[in-house]
Each structure stands twice: as structure tokens, then as C-alpha cells.
Amino acid sequence: MTRTPLVAGNWKMNGSLALVRELAGALRDAKPEGVEVALCPPYPYLPALAEALSGSGLALGAQNLADRADGALTGEVSAEMLLEFGCRFAIVGHSERRELYGEDDDQVASKFLRAREAGLTPILCVGETLRQREAEETDQVVVRQLMAVVEAAGVEALERAVLAYEPVWAIGTGLTATPEQAQAVHAGLRAAVADRDADIAGRLRILYGGSVKADNAAPLFAQPDIDGGLIGGASLKAEEFIAICRAAG
Ligand code: PGA
């Protein structure tokens, strides 16, 4: 089963108009081959980035979305609005949203459903904390997070979706799961989907995220069940991000 790798840059609450220009320019010049590349900046930078990337084949994504289509939801942004600004992807269930903003599995499932219903491709994040890993609960935790969405949306919903395994203890810490540790979790996630539908499991892209850098990306991406990366800090540095995209391509 060949799956086109995807590398998505999650800027989090970082960046500027200057970074929009710098990264878009560098990526246009570099044209990484054999890999789909997406950039997920903070909302206000979407229009400028959409314009800077137009015609480049590079995709745009959002870091979050509202779990409803419209209404009195001060501060929220809907899937339809993101589509108007050229987004193809939306990250849902990032551990920072789960931990800092209290998003639970039900809310993550609602956001996932909303994204798909509107025509966005959700990038569903799952991952265990250090305490959960030490208690050997990793597989149980990530499969529970995935199945909360599968129960709500049906396994068919994974046809137009991406999964991202991001161990919480590896995000922004400089600690990375070893390629073997990550591969084991990815294989477990794919097997859990295969229990419901083997074809969908075979086509599902599962990204790894958590301190991916230019110098550790290649062995991670070489694993059979790792289909690219969700990149935080290193996506803010053009050279570093381009090197990661090349390692996936
Ligand atoms: P990091 O973040 O690459 O800075 O560890 C990854 C993420 O949170 O998506």
C-alpha cells in the first residue's frame, strides 16, 4: 500500500506576516517532491499565506475549528470560514487543546465531524502523557482517543482524514520517540482501524509529531507505518522545515 506522505507545519501561536513571506518564498523555491506539504498558521495569517502560496500546490490548514456551523459563539471560527480562506486541513484534538482548553474526546469528535461535513480534512491528534507511558497505558490511551471519533463518525470517516500520533511528553521538549517506539504505536493504531476496515486502515495516513527536526526526521519517516509528520517548532524555520519535507519525500 503506497500512501503519499504528508508533512504539516503547526505554527501554534507563533509567526508574523514577515514569517508568512519568508516561509512561502522559501517553500516555493524548494518545491519538495513526492510529499504533500501543508502549513497551519494562526487564523489571522490564513489570507496572506493563501495568497503567498497560491498556485504552488502547497496546502493550507487550520489549527482548530468550532464544533458548530454558526451562531453566538464569541471567539470561535467555523469550518466554512476556513474553507473560504483556502484551508484544506484542520487539526483537531491537539494535546494543547485537550490539556489547556479542556477539550474532551466528545468535543474532539464533534470538531472532527464538523470539519468533514464542511469538506475539510481533519488531522486528528492522539497521544499519551509521560505518566501514561510509564504506566504502560500508551496503546490503550491512543486507541481510546481514536475510537471516540470512530464511534461518533463511523470508520468510513477516516477515508478523508489524517491521524497524527503525538506523544505529549515529546511535544516541544526536545525528547522524541525513537523510530521503534513511534512505529509500534502507529502499527497499533493501524491495526485498531483494520479491525473495523482493513482497506481504510491501509490507506490511512498516520503522521508522527513531537520534536521532529531535520536531523531525526529520516529514520522516523523510514518506518513502515509512519506517513509523514506534524511539525511544531521546526516548522517556523524555513531551512529546517524544508529539510524535513525532503526527508519525507
Ligand atoms: P513540536 O510540536 O514539533 O514543537 O514538538 C509538534 C506539535 O505539537 O504538533
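Reckoned from all heavy atoms, side chains included, excluding hydrogens, waters and symmetry mates. Order of appearance sets the numbers: ligands from 1, and atoms from 1 within every ligand.
Placement of Val193 and Val149 within a single hydrophobic cluster is found when ILVMFWY residues are connected by side-chain heavy-atom separations under 4.5 Å, directly or transitively. Both Trp11 and Leu60 sit in one connected hydrophobic cluster of ILVMFWY residues. Membership requires side-chain heavy atoms under 4.5 Å apart, directly or through other members. No continuous path of ILVMFWY side-chain contacts below 4.5 Å connects Ile226 to Ile91, so the two sit in separate hydrophobic clusters.
Remark: distances from the non-hydrogen atoms of Ser95 to ligand 1 are all 4.0 Å or more. Under a 4.0 Å heavy-atom criterion, His94 is in contact with ligand 1.
Under 4.0 Å from ligand 1, the heavy atoms of Asn10 that appear belong solely to its side chain. If you look at Cys125 next to ligand 1, there are no close heavy atoms at all, none under 4.0 Å.
Paired with Leu146 under the rule side-chain contact (heavy atoms from CB on, under 4.5 Å), one option of Val150, Val142, Val143 passes, and it is Val150. Of the candidates Arg133, Arg144, Arg98, Glu128 forms a salt bridge (Lys or Arg N to Asp or Glu O under 4.0 Å) with just one, namely Arg133.
At under 3.5 Å, not a single nitrogen or oxygen of Gly209, backbone or side chain, sits near a nitrogen or oxygen of ligand 1. Close N/O approach between Ser211 and ligand 1 is found [any backbone or side-chain N/O within under 3.5 Å]. Any N or O atom pair closer than 3.5 Å counts here, and Ile171 shares no such pair with ligand 1. In terms of polar-atom proximity, defined here as any N/O pair under 3.5 Å, Glu166 does make such a contact with ligand 1. On a distance-only criterion, Ala234 and ligand 1 share no N/O pair closer than 3.5 Å.
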Distance-only donor-acceptor pairs under 3.5 Å for side chains of residues 19-29, two or more places apart:
residue: Arg28; atom: NE; partner: Ala52; partner atom: O; Å: 2.7
residue: Arg28; atom: NH2; partner: Ala52; partner atom: O; Å: 3.2
residue: Arg28; atom: NH2; partner: Ser54; partner atom: O; Å: 2.3

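In this structure, atom 4 (O) of ligand 1 lies nearest to the protein heavy atom Gly233 N, 2.8 Å. In this structure, the protein non-hydrogen atom closest to atom 2 (O) of ligand 1 is Lys12 NZ, 3.2 Å. Among all protein heavy atoms, the one lying closest to atom 3 (O) of ligand 1 is Gly232 N, 2.9 Å.
Close contacts between ligand 1 and Ala170 involve ligand atoms 5 (O) [criterion: under 4.0 Å to a heavy atom]. Distances below 4.0 Å separate heavy atoms of Gly210 from the following atoms of ligand 1: 5 (O). Near Gly172, meaning under 4.0 Å from one of its heavy atoms, ligand 1 places the atoms 1 (P), 4 (O), 5 (O).
Comment: Glu240 does not engage Lys213 in a salt bridge, judged by the lack of any side-chain N to carboxylate O separation of less than 4.0 angstrom.
Across all non-hydrogen atoms, the minimal contact from Val108 to Glu103 is CG2-OE1, 4.2 Å. Ser235 approaches Gly9 most closely through the heavy-atom pair CB-CA, 3.5 Å. When all heavy atoms of Ala79 and Leu120 are compared, the pair lying nearest together is CB-CD1, 3.7 Å.
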